[in-house]
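Both counts, for ligands and for their atoms, begin at 1 and track the order of listing.
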Amino acid sequence: MKRLKYLMLMITSLLLLLTLSACGSKPLSSQNVLENDKQSKTITWGVKADTKLLGLIDVKDGKEKGFEIDLATALTKKMIGKDAKAKFVTVTSQSRIPLLKNGNIDAIIATMTITPERQKTINFSNSYFDAGQSLLVKDDSSVKKVEDLNNKTIIGVVGSNSVENVKKFAPKAQVLQLPDYAQALTALKSGQGDALTTDNVILAGMAVNNPGYKLQGKAFTTEPYGIGINKGQDDFRKAVNKALKEVQQDGTYNKLIVKWFGDVPGFNYKEVLRK
Ligand code: GLU
């Protein structure tokens with residue numbers, strides 16, 4: 001009798017252990033990210049840390065600041081409740097998709113353009129910002145437009161589509177790719193290239209802090225930013241789109257545009273306001 005009891009106990013513990021380990025290793029594709037986030041009252045967003053005005057870690061207090069940070073916070077509250085928390089993990093243009101696919105973050109809100117190439121591996125929300133690719137040059141630069149960069153060196157960031165786009169407009173340019181925007185700007189300032197290329201709004205943020213440098217020429221592409229979400233997470237995607245619509249309708253969106261871009265030389269915030 002005692003032995004039977006012991007055996008039963010062993011079997012129950014084994015079953016419990018098996019169930020627990022099965023839960024822990026549940027593949028991402030079979031999990032419902034929105035449900036998990038509702039339980040933990042937290043959404044983990046991948047954000048930029050070196051992109052002033054959009055996503056920047058402020059060295060003074062170590063906190064993330066920018067339009068995308070505020071927007072992610074507002075969306076979190078709309079999606080899972082007023083007491084919910086937005087958690088931020090730093091990503092770069094190169095690391096953002098792998099981190100999403102690994103499940104380190106629930107979504108990407110990091111200056112990422114919706115492109116057909118990226119749509120092969122991840123899904124996107126509706127567009128939440130309209131940027132366009134441009135150039136940052138020294139005030140006295142002879143480069144007036146992107147075509148002037150043929151036979152010159154242009155600086156960009158690995159994993160951004162800007163480095164691909166620019167080759168179409170200046171096929172004879174040399175493209176020097178750095179790991180992130182902080183390093184790309186340092187390279188421009190130390191004379192390693194004739195211009196830095198990425199989206200106008202990112203370059204405008206750099207120009208604010210770097211007298212002697214300016215945005216040059218009109219935007220030569222359109223870059224609609226989307227929130228990156230894993231394939232199979234349609235509940236999450238629908239909730240993001242619903243929340244995006246709400247922040248646009250209740251005025252939060254335009255308030256954030258004015259807060260972050262209302263007074264930035266070289267950037268017309270009125271063009272990105274939404275009705
Ligand atoms: N929007 C462009 C992209 O998605 C450039 C900005 C970035 O590197 O994040 O690649």
Side-chain angles (χ1 to χ4, degrees), residues 45-57 64-69 71-72 88-101 105 107-136 146 149 154-170 173 175-188 193 195-208 215-230 240 257 260-261 264 266-267 271-272:
W45 301 89
V47 297
K48 289 284 181 77
D50 62 352
T51 309
K52 194 179 165 71
L53 304 179
L54 292 138
L56 180 79
I57 292 187
E64 295 82 1
K65 289 175 190 172
F67 173 76
E68 291 180 329
I69 307 300
L71 184 60
F88 300 114
V89 171
T90 300
V91 300
T92 63
S93 300
Q94 191 180 25
S95 73
R96 58 195 164 190
I97 291 180
L99 285 172
L100 178 71
K101 295 199 79 89
I105 51 180
I108 304 168
I109 183 159
T111 68
M112 185 165 59
T113 304
I114 303 167
T115 68
E117 192 56 34
R118 289 171 180 156
Q119 277 168 327
K120 287 182 193 155
T121 48
I122 62 167
N123 280 336
F124 284 94
S125 69
N126 295 332
S127 153
Y128 67 88
F129 189 83
D130 308 303
Q133 188 170 342
S134 191
L135 307 170
L136 186 76
V146 62
L149 284 160
I154 180 140
I155 300 165
V157 165
V158 192
S160 73
N161 64 355
S162 327
V163 289
E164 304 305 324
N165 291 342
V166 77
K167 287 180 199 157
K168 293 176 208 146
F169 293 87
V175 183
L176 173 63
Q177 298 191 34
L178 278 302
D180 59 39
Y181 284 103
Q183 293 181 63
L185 181 63
T186 309
L188 178 72
L196 167 54
T197 191
T198 183
D199 301 330
N200 49 2
V201 65
I202 301 177
L203 298 173
M206 293 177 179
V208 170
L215 262 141
Q216 185 76 297
K218 280 210 185 93
F220 51 90
T221 69
T222 50
E223 307 291 328
Y225 288 176
I227 292 168
I229 298 152
N230 268 312
V240 168
I257 291 287
W260 289 101
F261 309 111
V264 179
F267 189 81
E271 284 176 4
V272 294

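- Using a 4.0 Å cut-off between heavy atoms, Gln94 makes no contact with ligand 1 at all.
- Under 3.5 Å, the side chains of Asn161 and Glu117 contain no donor-acceptor pair of N or O atoms.
- At the top of the distance list for atom 10 (O) of ligand 1, counting protein heavy atoms only, stands Asn161 N, 2.8 Å.
- Counting only distance, with no hydrogens or angles, the side chain of Asp50 and the backbone of Ala182 share a donor-acceptor pair below 3.5 Å.
- Using a non-hydrogen distance threshold of 4.0 Å, Thr115 does not register as a contact of ligand 1.
- Separation of atoms OH (Tyr225) and CD1 (Ile114) is listed at 11.5 Å; rounding is to 0.5 Å.
- Taking the six-membered ring where tryptophan is involved, the planes of Phe261 and Phe267 are tilted, since the angle between them lies from 30° to 60°.
- Less than 4.0 angstrom separates some heavy atom of Met112 from each of these atoms of ligand 1: 4 (O).
- Short contacts between ligand 1 and Ile202, defined as distances under 4.0 Å to a heavy atom of the residue, involve ligand atoms 6 (C).
- Neither the backbone nor the side chain of Gln133 comes within 4.0 Å of ligand 1, counting heavy atoms alone.
- Those atoms of ligand 1 with a heavy atom of Thr198 less than 4.0 angstrom away are 5 (C), 6 (C).
- Counting the atoms of ligand 1 from 1 in the order shown, those under 4.0 Å from a heavy atom of Ser162 are 5 (C).
- For Glu68 against Ile109, the heavy-atom pair with the smallest separation is OE1-O, 3.2 Å.
- Under 4.0 Å from ligand 1, the heavy atoms of Arg96 that appear belong solely to its side chain.
- No side-chain heavy atom of Phe129 sits under 4.5 Å from any side-chain heavy atom of Thr111.
- At a 4.0 Å heavy-atom cut-off, ligand 1 touches Asp199 through the side chain alone.
- Of the heavy atoms in Thr111, both backbone and side-chain atoms come closer than 4.0 Å to ligand 1.
- With a 4.0 Å heavy-atom cut-off, ligand 1 is reached by no atom of Val157.
- Residues Gly226 and Tyr128 come closest through the heavy atom pair C-CE2, 3.5 Å.
- Residue Leu178 holds its CG atom at 11.5 Å from OG of Ser93, rounded to the nearest 0.5 Å.
- The minimum heavy-atom distance linking Pro179 with Thr92 is given by the pair O-CB, 4.2 Å.
- By the 3.5 Å distance cut-off applied to N or O atoms, Lys48 is counted among the residues near ligand 1.
- The N/O atoms of Arg118, backbone and side chain alike, include one that comes under 3.5 Å of an N/O atom in ligand 1.
- Between the side chains of Glu223 and Thr221, a donor-acceptor pair is found at a separation under 3.5 Å.
- Atom numbering of ligand 1 starts at 1 in the shown order; those under 4.0 Å from a heavy atom of Tyr225 are 1 (N).
- Contact annotation: for Ser93 versus ligand 1, heavy atoms closer than 4.0 Å belong to the side chain alone.
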